[in-house]
2 protein chains.
Amino acid sequence: MRPQKIADDQLLPALTRVFRTKGYEGASLKELAEVTGLKKASLYHRFPDGKQEMAESVLEYMGQWVTTNIFNILTKEEFPPETRLKHALVQIGKLYDGGKDGCIFRAFSMQAGLDLFQEGIKKGMNDWLNAFKNLGTAMGLSDKIAEENALQSLIDIQGSLILSKGLQDNNIFKNTLKKIENRYG
Amino acid sequence: MRPQKIADDQLLPALTRVFRTKGYEGASLKELAEVTGLKKASLYHRFPDGKQEMAESVLEYMGQWVTTNIFNILTKEEFPPETRLKHALVQIGKLYDGGKDGCIFRAFSMQAGLDLFQEGIKKGMNDWLNAFKNLGTAMGLSDKIAEENALQSLIDIQGSLILSKGLQDNNIFKNTLKKIENRYG
DNA sequence: GTCTATAACAGGATAGAC
DNA sequence: GTCTATCCTGTTATAGAC
């Protein structure tokens with residue numbers, strides 16, 4: 001067999017960039033091939049089920065990144081919750097490149113994407129909620145308040161990403177991260 | 001000339017429904033023709049510049065609806081600001097059908113849509129901010145606080161719409177509207 | 001103003017050579 | 001495992017009859 005032209009751990013980030021900026025329908029195989037340096041037929045060798053499988057893999061890849069770099073930090077009991085939150089917010093800032101990059105949930109949230117990935121999106125969002133709720137209870141909040149804070153934190157992240165894009169002002173996102181930190185202060 | 005099969009004021013809502021749920025790329029002329037009851041060629045008669053012009057018209061149509069039904073209420077000096085807010089929030093609930101419908105800004109916020117409508121989206125979002133800021137100052141808030149509240153209100157609306165869709169729970173959106181009301185309480 | 005028909009192209013997907 | 005070549009379908013858009 002020929003050597004892989006691009007390893008999986010380089011392939012997925014490249015595909016991710018396209019899906020995040022273009023959405024599911026907007027991401028064409030032509031562009032997905034270009035950014036990976038592979039021909040379309042080679043992409044089908046890696047992902048026999050085509051575009052849908054590529055998008056699924058991207059969703060899973062993002063989920064793993066977030067689990068490793070955000071959830072695991074938020075719930076790491078060795079550190080005080082204030083420290084965990086601070087570190088996690090830095091990682092969230094990285095995830096969205098300071099507001100420049102969009103969320104994959106949003107990118108897959110138009111009809112076509114929802115038809116395929118509704119369950120994965122729901123699960124992913126619930127994972128975010130649980131991680132933040134875990135942090136809240138570690139800070140001594142009641143279950144109810146911890147849940148409310150978690151939900152509001154996600155609303156803030158998603159909403160501020162939309163407004164940052166629409167108003168072309170990444171400070172909206174950055175300030176929102178600070179606001180989240182203060183809410184738990 | 002033959003009679004119009006569908007008047008502009010019926011045509012635009014139909015187009016709007018498709019663009020809102022599918023996004024710019026996901027909205028096909030085939031479906032746009034179906035929902036309007038017109039053939040594709042007839043759509044081109046109404047919108048010579050094709051899909052882009054249809055989307056522009058939808059954006060403008062939504063802007064007018066919002067101006068009439070939300071901004072004008074929020075800034076109507078005859079009524080006390082608390083009343084204005086209450087009425088406006090009811091209209092916002094209608095605009096998004098209790099969380100079931102998405103925002104046109106979001107639908108046009110993937111790359112292809114931004115390339116075409118960035119300026120329109122930015123202007124539309126600033127109109128929302130100004131209307132809410134106007135309300136805040138009418139309630140006696142400082143300029144700075146009124147601006148902060150306006151921004152947070154939009155973040156709440158956009159974020160809660162995303163989470164409502166992703167988690168398939170429209171109560172997230174509905175509760176957020178109540179929360180906005182309380183913030184100005 | 002709407003229609004049928006069709007052009008021109010892009011998109012997703014596959015076959016088979018190397 | 002990657003490639004070239006190709007297929008087929010869907011998509012945007014236009015021509016011209018009514």
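Throughout, a chain's letter reflects where its sequence line sits, starting with A, and its residues are numbered from 1. Given the structure is predicted, the values throughout are model-derived calculations rather than measurements.
A close approach under 4.0 Å does occur between a side-chain nitrogen or oxygen of B/H45 and OP1 or OP2 of C/dG1. Dashed line: the shortest gap from a side-chain N or O of A/K5 to OP1 or OP2 of D/dC3 is under 4.0 Å. OP1 and OP2 of C/dG1 both lie 4.0 Å or more from every side-chain N or O belonging to B/S42. Considering only side-chain N and O atoms, B/Y44 lies nowhere under 4.0 angstrom from the phosphate OP1 or OP2 of D/dT14.
The residues A/K30 and A/E34 are annotated as salt-bridged, a charged nitrogen and a carboxylate oxygen being separated by less than 4.0 angstrom.
B/K174 meets the side-chain hydrogen bond (donor to acceptor under 3.5 Å, both in side chains) test with no other residue; sequence neighbours excluded.
Here A/A33 lies out of heavy-atom contact (under 4.0 Å) with every strand.
Listed nucleotides C/dG12, C/dT4, D/dG1 differ in distance to A/S28; the shortest reach to its side chain belongs to C/dG12. Considering only the side chain of A/R46, D/dG1 comes nearest among C/dA13, D/dG1, D/dT11. With C/dG1, C/dG12, D/dT4 as the candidates, the nucleotide lying closest to the side chain of B/R2 is C/dG1. Of the candidate nucleotides C/dA13, D/dA13, D/dC3, C/dA13 has the atom nearest to the side chain of A/K40.
Each end of the helix from C/dG1-D/dC18 to C/dC18-D/dG1 yields a helix axis from five base pairs, and these two axes differ in direction by 0° (to the nearest 10 degrees).
Two residues, A/P48 and A/K30, neighbour DNA chain C, and the one matched to the more 5' nucleotide by heavy-atom proximity is A/K30.
Note: CZ (B/F47) to P (C/dT2) measures 11 Å, nearest angstrom.
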